[in-house]
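A short worksheet on the structure shown next.
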Amino acid sequence: MEFSFSSSTQKIVNSTAFTTLESGDALMIGIACLLVYLAIWKKFEPLLLLPMGFGCLLANVPMSMMASTDTGGLLNFFYQGIKHEVLPPIIFMGVGALTDFGPLLANPTVLLLGAAAQIGVYMTLIGAVFLGFNMQEASAIGIIGGADGPTSIFLASKLAPHLLAPIAVAAYSYMSLVPLIQPPIMRLLTTKEERKIKMEQLKPISQTVKIIFPVAVTIVCCLMLPGVTPLLGMFMLGNMFRESGVTARLHETAETHLINIVTIFLALAVGSSMTAESFLRLETLKIIALGLLAFAFATAGGVIFGRIMCKVSGGKVNPLIGSAGVSAVPMAARVSQKVGSEEDSSNFLLMHAMGPNVAGVIGSAVAAGVFLSLFGDVGSSIDTHAALAPVIGNPEAGIQALATVVEVIKQ
Amino acid sequence: MEFSFSSSTQKIVNSTAFTTLESGDALMIGIACLLVYLAIWKKFEPLLLLPMGFGCLLANVPMSMMASTDTGGLLNFFYQGIKHEVLPPIIFMGVGALTDFGPLLANPTVLLLGAAAQIGVYMTLIGAVFLGFNMQEASAIGIIGGADGPTSIFLASKLAPHLLAPIAVAAYSYMSLVPLIQPPIMRLLTTKEERKIKMEQLKPISQTVKIIFPVAVTIVCCLMLPGVTPLLGMFMLGNMFRESGVTARLHETAETHLINIVTIFLALAVGSSMTAESFLRLETLKIIALGLLAFAFATAGGVIFGRIMCKVSGGKVNPLIGSAGVSAVPMAARVSQKVGSEEDSSNFLLMHAMGPNVAGVIGSAVAAGVFLSLFGDVGSSIDTHAALAPVIGNPEAGIQALATVVEVIKQ
Amino acid sequence: MEFSFSSSTQKIVNSTAFTTLESGDALMIGIACLLVYLAIWKKFEPLLLLPMGFGCLLANVPMSMMASTDTGGLLNFFYQGIKHEVLPPIIFMGVGALTDFGPLLANPTVLLLGAAAQIGVYMTLIGAVFLGFNMQEASAIGIIGGADGPTSIFLASKLAPHLLAPIAVAAYSYMSLVPLIQPPIMRLLTTKEERKIKMEQLKPISQTVKIIFPVAVTIVCCLMLPGVTPLLGMFMLGNMFRESGVTARLHETAETHLINIVTIFLALAVGSSMTAESFLRLETLKIIALGLLAFAFATAGGVIFGRIMCKVSGGKVNPLIGSAGVSAVPMAARVSQKVGSEEDSSNFLLMHAMGPNVAGVIGSAVAAGVFLSLFGDVGSSIDTHAALAPVIGNPEAGIQALATVVEVIKQ
Amino acid sequence: MEASVSAAVNVSMLAMSVIFTVLIILIFTIKALVKLIPYEAPPAPPARKVSASSPPEQDDQVAAITASLAAHIGKRPDEFRIVNIQSR
Amino acid sequence: MEASVSAAVNVSMLAMSVIFTVLIILIFTIKALVKLIPYEAPPAPPARKVSASSPPEQDDQVAAITASLAAHIGKRPDEFRIVNIQSR
Amino acid sequence: MEASVSAAVNVSMLAMSVIFTVLIILIFTIKALVKLIPYEAPPAPPARKVSASSPPEQDDQVAAITASLAAHIGKRPDEFRIVNIQSR
Ligand code: NA
Ligand code: NA
Ligand code: NA
């Protein structure tokens with residue numbers, strides 16, 4: 001090898017990213033800066049969008065080896081944690097450790113509001129199919145209406161990994177826009193009188209019930225929809241750490257440093273999948289548009305079902321708490337409180353809205369479970385995992401059973 | 001693909017876990033709930049048994065892909081950390097960071113009590129062989145008598161991975177039962193006068209000695225029993241973080257969030273190995289029975305050797321501190337204190353019992369090292385690791401040397 | 001298998017490390033103890049050198065399976081994090097979270113001092129080539145003069161992994177010796193009058209500038225030198241967490257428990273590569289000697305350029321702040337303060353020296369980037385990563401482009 | 001285009017039914033739980049006992065503190081007695 | 001020996017040039033930034049408003065505390081009113 | 001059954017011997033250590049010096065605080081002097 005001054009100079013000049021920087025890369029760097037701007041100055045879910053934007057910035061420096069597709073690169077390494085569905089469940093454990101199910105347990109019928117708000121998911125699914133996405137893709141896009149970041153990322157990585165980046169960006173962005181998107185819809189769909197309804201105070205709940213609840217949810221929901229176990233099970237485990245009263249150490253770690261560490265890695269990895277090739281497509285615009293649809297319909301679904309519950313209960317339920325059924329904890333509950341107190345400043349809906357709010361988290365997880373039951377396929381997961389554990393046992397007996405059944409039905 | 005309402009319904013129904021739920025799964029879910037109950041309401045080592053029980057619950061939801069054998073699943077991922085012996089040493093580092101060797105250094109002869117209590121390990125080994133287990137299995141079962149969770153898990157994952165789940169459950173359960181198991185044995189094997197013996201106060205120890213001690217233990221023990229280096233070395237490293245006075249940051253992390261994170265993953269992984277197939281066997285009952293034997297004999301061994309030391313020292317040693325030699329830090333030391341103060345409320349044995357208590361940890365690690373020297377084989381470890389690092393160098397020169405020596409001896 | 005008493009005894013004796021302990025191993029254990037001694041009693045970068053020394057101790061117990069080359073062993077597992085360049089960038093993120101760029105932004109021309117101090121890197125490079133190292137090795141040795149641990153480890157693991165151990169030891173040891181190495185050189189190269197110069201107080205900087213700065217650095221530097229993106233990008237991300245004001249959770253985790261966890265693993269892994277085979281060589285002595293050269297020339301370069309800046313600015317710059325350009329944050333800045341206050345106790349250089357001090361970190365990262373542009377080759381990285389992600393995509397288009405260009409030039 | 005809008009509508013109706021089914025089951029589970037295990041106001045914190053039967057944890061503390069104190073003031077543990085630990 | 005000292009000198013000169021180039025670009029970037037976005041002294045902390053328009057976050061707090069308090073004292077939330085939250 | 005009880009007894013006796021051997025070696029190591037490095041009562045904390053030779057760390061602190069203060073009150077660092085830092 002020669003190291004003359006001129007040949008070395010040539011080598012350095014050729015290795016700068018400028019020589020291969022294309023307009024797409026530059027545009028993506030601009031988008032990365034926009035995300036960082038929104039995170040910091042507009043406070044759009046900064047814990048996620050700041051590292052996500054920064055990951056996007058790093059990934060789009062040509063030759064930096066930081067894109068999620070650059071085998072051997074740092075962010076590709078973190079990306080394995082999404083691909084193999086390790087990171088979202090750990091985040092969900094932390095969310096569970098942060099969640100108080102008290103208001104939900106005090107008034108369990110609000111679970112119906114968490115179910116009704118899922119209509120946003122399905123309106124979006126239909127819209128996405130209409131716009132040309134296939135069923136798996138449409139499901140992953142629809143779940144944006146679930147307004148839960150980890151659920152969206154988990155489902156997208158299973159059903160439509162090539163759409164992960166725009167779905168994650170849409171999910172977190174609209175979540176931040178909940179205070180802008182929801183109020184007009186809420187006012188449009190309710191009457192002044194309904195908005196003034198004051199709800200009865202919640203009755204206190206035994207600590208024992210709070211402890212048994214996560215186990216009960218796990219058994220009921222996971223037996224019915226096994227595909228969602230990693231997400232819902234870890235969510236409930238985090239809640240057990242919180243409520244059991246005997247695992248304070250684990251609770252503290254799960255809700256602070258562990259969720260923080262995993263958030264950094266997850267957000268960087270999602271950002272690293274935002275390359276020009278995967279993001280600068282018509283699909284991205286479609287997904288952004290569908291995401292808005294998802295949030296709007298989810299809000300409407302919750303509010304309309306709230307009115308139904310209001311009627312049925314003889315005016316005891318303020319329909320404004322329905323909008324909190326989209327989840328986006330605790331933002332959406334605050335919006336219910338705010339819109340309610342605009343009509344009557346002595347109306348305190350926050351605690352009542354926390355019930356549907358956490359119900360919405362369970363609701364979207366269940367919705368994700370339904371999609372996994374219908375369209376889930378573990379092929380890719382097994383392929384990639386093969387590298388980690390060569391001794392592949394029997395690939396998921398359950399799915400094989402399912403396949404057999406499907407075969408039989410077809411005949 | 002067709003998505004008619006009826007075919008989709010069929011698909012969902014077929015994919016519920018109910019269709020494949022067998023009685024074994026249901027029973028295991030019951031056992032999982034029992035573990036959670038014991039952890040929360042009976043305070044049985046809740047930091048371990050709560051996530052372990054929850055992991056068992058998740059693993060036994062059919063088609064949830066959460067069993068330790070489900071390649072590609074979340075808990076299988078954590079299980080790799082046990083299989084490749086990464087998690088137990090990190091936990092041991094945290095335990096080292098939490099351990100004060102001061103009482104042991106002030107009265108080093110109590111190390112003999114930590115040795116004597118290992119008799120429980122060997123009585124159990126003999127019992128296990130008698131019940132039909134082979135030598136490797138019997139060793140892994142015997143170490144339950146060591147009363148150290150990470151040591152048991154480490155050894156079981158090396159010598160008898162198929163018995164990991166019952167061994168871990170037995171080890172942690174009996175550890176919690178120490179306050180019930182030990183006192184009758186202690187009272188039976190000592191006289192009232194012996195129990196009233198008051199011990200001389202411990203002399204203070206130079207900080208320099210406390211710093212040098214972990215290095216000395218590492219050199220002495222690991223050179224003699226190299227197989228135990230990952231466990232004992234990391235234990236001593238954690239203690240260095242504590243005593244050195246210059247690594248406060250690392251000490252704090254090792255004894256709080258790092259050990260907590262690893263505990264969550266380890267316990268979930270152990271729980272995920274509790275499947276009907278591996279747990280609902282006669283072996284499990286045998287192991288549960290042998291585990292009780294192990295704790296009882298370990299306690300007896302410690303107390304009897306305590307009496308010997310009492311005699312030899314001319315009545316200066318209270319034999320009650322012998323039972324603390326089983327480890328189960330700090331539970332067993334508290335039991336010594338309690339049984340002692342029952343005879344004479346002014347008798348303070350706690351500090352004196354802390355010496356044999358931590359000696360028991362070293363003792364069981366040494367016992368594990370002896371087993372690894374006799375029965376250790378790194379074949380499986382290399383096989384699984386092969387996936388992680390394809391460029392396999394020379395597989396463990398030392399073991400090969402050992403094999404050669406064995407060959408020569410045979411001839 | 002027979003388990004007679006005598007054959008078992010034989011087996012145990014043969015499996016003790018004593019039977020295979022060679023003088024090299026014993027010497028390395030001595031060196032490990034020396035490192036631990038320096039860390040604790042001489043306070044040589046104890047957060048790194050204590051676990052590094054302990055890792056060396058464990059690795060040199062024969063048959064302990066703790067050397068970085070023992071496939072399947074614990075420290076080999078951590079070592080993968082260095083080999084695949086995961087750990088140093090995470091540490092750099094934490095360092096970024098701990099760094100205040102305020103003084104640098106208030107007086108940006110001091111970036112030139114951070115550049116000038118890199119002369120130490122290149123004098124050492126030339127010296128290393130003179131002593132027979134090849135270009136890659138010489139580069140990795142030279143970067144010791146950058147006085148940044150993670151940068152040195154990152155570059156060494158890419159360009160000369162077989163020299164990682166001595167390079168890391170030299171880098172951290174000399175960093176601790178900065179208060180001894182620098183002052184004589186600083187006094188020799190400056191006049192009494194220059195040392196007495198008092199600098200104008202720094203002007204305050206808008207928070208917005210502090211937030212934009214890391215993005216600007218990332219774009220400017222990484223586009224010009226893409227190879228350094230993992231290191232510099234993560235450094236700047238950590239700083240964003242700090243300055244943005246909206247990610248307090250992530251900031252706290254990055255600068256405490258996350259950096260602590262990674263430090264433990266990294267230092268153990270580096271220590272585990274200190275085997276007799278790799279460390280007890282003439283090269284190690286050469287590297288130790290060259291490292292001293294590196295620090296001395298870096299200091300001299302900074303101070304001499306400080307004098308130039310002093311002249312050009314009409315005496316407004318105290319040349320003593322130049323020595324802080326070697327980085328070794330914040331030790332070198334303290335040395336500037338100390339040497340300055342020896343002449344005039346009312347002279348407060350600390351804040352002024354913090355500017356070149358952090359500039360030195362950027363400077364060495366840029367220097368590493370230049371080396372990667374010239375000599376970087378991702379072959380080995382892809383090979384090892386192949387195991388983790390079998391679906392190897394297109395191996396780094398940029399490098400291929402570069403290779404093509406090189407081909408063309410050759411013709 | 002593989003998927004038709006009518007299939008999407010089918011799937012949506014089915015999925016909404018499943019979601020409502022699951023969550024209604026959950027509602028009844030919760031109602032049963034709350035009925036079975038009613039809320040009881042936590043008992044007022046018991047007055048500190050001064051008698052011999054102090055909680056076991058405090059026993060430990062007294063033992064530990066006594067031992068430390070003994071080491072410090074150079075008396076045997078039985079030459080003095082800690083009567084009470086008052087947490088602030 | 002593959003590498004010659006002259007090559008090393010060449011590489012060194014080149015690398016130092018690159019480093020100075022990159023850092024000088026950075027200096028100008030910073031100078032431009034600082035000029036474009038000058039430092040402004042942070043405004044004095046505003047006096048606590050006593051009027052109805054308390055900050056939105058406090059609204060939440062009042063709502064939450066009111067609800068809890070209501071549950072505790074057994075009155076409906078509109079039967080009493082929290083006037084002010086004073087942080088200590 | 002591969003293993004016989006007599007083999008297990010053999011192994012057990014051997015293992016107990018090894019454990020006692022190792023731990024007895026450890027006892028003597030500790031005794032030697034404690035003898036070589038006896039405990040010394042830590043010296044009473046030295047009275048705060050008021051003279052010029054304050055600890056190096058405090059030098060740093062004084063420098064940093066002086067610089068910050070200078071920036072804040074708009075004086076040059078040598079126009080005033082911090083005499084003492086009192087930690088609370
Ligand atoms: Na939701
Ligand atoms: Na033990
Ligand atoms: Na530097």
Side-chain angles (χ1 to χ4, degrees), chain C residues 101 104-119 121-139 142 203-213 216-217 219-221 223-225 301 359 362-367 369-371 373-375, chain E residues 1-49 51 53-65 67-68 84-88:
Chain C
F101 283 115
L104 174 63
L105 294 170
N107 189 11
T109 44
V110 297
L111 270 167
L112 295 176
L113 294 170
Q118 307 309 319
I119 194 74
V121 172
Y122 298 102
M123 297 311 287
T124 314
L125 168 83
I126 295 168
V129 167
F130 185 77
L131 290 181
F133 291 100
N134 73 27
M135 217 61 168
Q136 273 90 339
E137 293 169 339
S139 306
K203 52 185 189 301
I205 289 295
S206 151
Q207 190 61 27
T208 310
V209 171
K210 286 188 175 182
I211 296 172
I212 295 176
F213 176 67
V217 172
I219 293 179
V220 168
C221 296
L223 278 182
M224 295 182 74
L225 300 159
I362 298 178
S364 337
V366 169
V370 174
F371 284 140
S373 290
L374 285 170
F375 314 121
Chain E
M1 193 172 75
E2 222 183 307
S4 69
V5 172
S6 74
V9 171
N10 274 335
V11 162
S12 297
M13 287 192 309
L14 171 65
M16 283 302 286
S17 321
V18 174
I19 292 174
F20 270 96
T21 309
V22 172
L23 294 192
I24 286 170
I25 294 175
L26 218 50
I27 290 173
F28 284 109
T29 312
I30 295 173
K31 290 202 163 169
L33 269 179
V34 173
K35 188 155 250 170
L36 282 171
I37 309 162
Y39 175 75
E40 285 172 39
R48 283 288 176 101
K49 291 177 209 171
S51 66
S53 61
S54 44
E57 302 245 319
Q58 198 168 335
D59 271 3
D60 275 5
Q61 285 178 22
V62 170
I65 293 171
S68 309
N84 193 7
I85 303 174
Q86 197 88 35
S87 75
R88 280 192 298 178

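It should be emphasised that the depicted structure is a prediction, and the values quoted were computed from it without experimental measurement. Here is how names work: the chains are called A, B, and so on, in the same order as the sequence lines, proteins then strands, and each is numbered from 1.
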Quick one: closest heavy-atom pair of [X] and [Y], and the distance?
| X | Y | result |
| --- | --- | --- |
| C/P108 | E/K31 | CG-CG, 3.9 Å |
| C/L112 | E/I24 | CD2-CG1, 3.7 Å |
| E/L23 | C/G363 | CD1-CA, 4.2 Å |
| C/M135 | E/V11 | CE-CG2, 3.5 Å |

Would you check if E/I19 and C/Y122 make a side-chain contact, meaning some heavy-atom pair closer than 4.5 Å? yes

May I ask you to test the E/V34-C/F213 pair for a side-chain heavy-atom distance under 4.5 Å? no

Which value, rounded to the nearest 0.5 Å, describes the distance between [X] atom [atom1] and [Y] atom [atom2]?
| X | Y | atom1 | atom2 | result |
| --- | --- | --- | --- | --- |
| E/T21 | C/M224 | OG1 | CE | 6.5 Å |
| E/L33 | C/S206 | CG | OG | 9.5 Å |
| E/I30 | C/I212 | CD1 | CD1 | 12.5 Å |
| E/Y39 | C/L105 | OH | CG | 13.5 Å |
| E/I37 | C/I205 | CD1 | CD1 | 10.5 Å |

Using non-hydrogen atoms and a 4.5 Å limit, figure out which bit of [X] sits close to chain E: side chain, backbone, both or neither.
| X | answer |
| --- | --- |
| C/L225 | side chain |
| C/V217 | both |
| C/A367 | both |
| C/A128 | neither |

Top of [options] for chain E proximity - count of heavy-atom pairs under 4.5 angstrom:
| options | answer |
| --- | --- |
| C/T208, C/V370, C/V209 | C/V209 |
| C/A216, C/A138, C/A116 | C/A116 |
| C/Q118, C/K203, C/M123, C/Q207 | C/Q118 |

Under the criterion side-chain contact (heavy atoms from CB on, under 4.5 Å), which of C/I126, C/T124, C/V129 is the partner of E/S12? C/I126

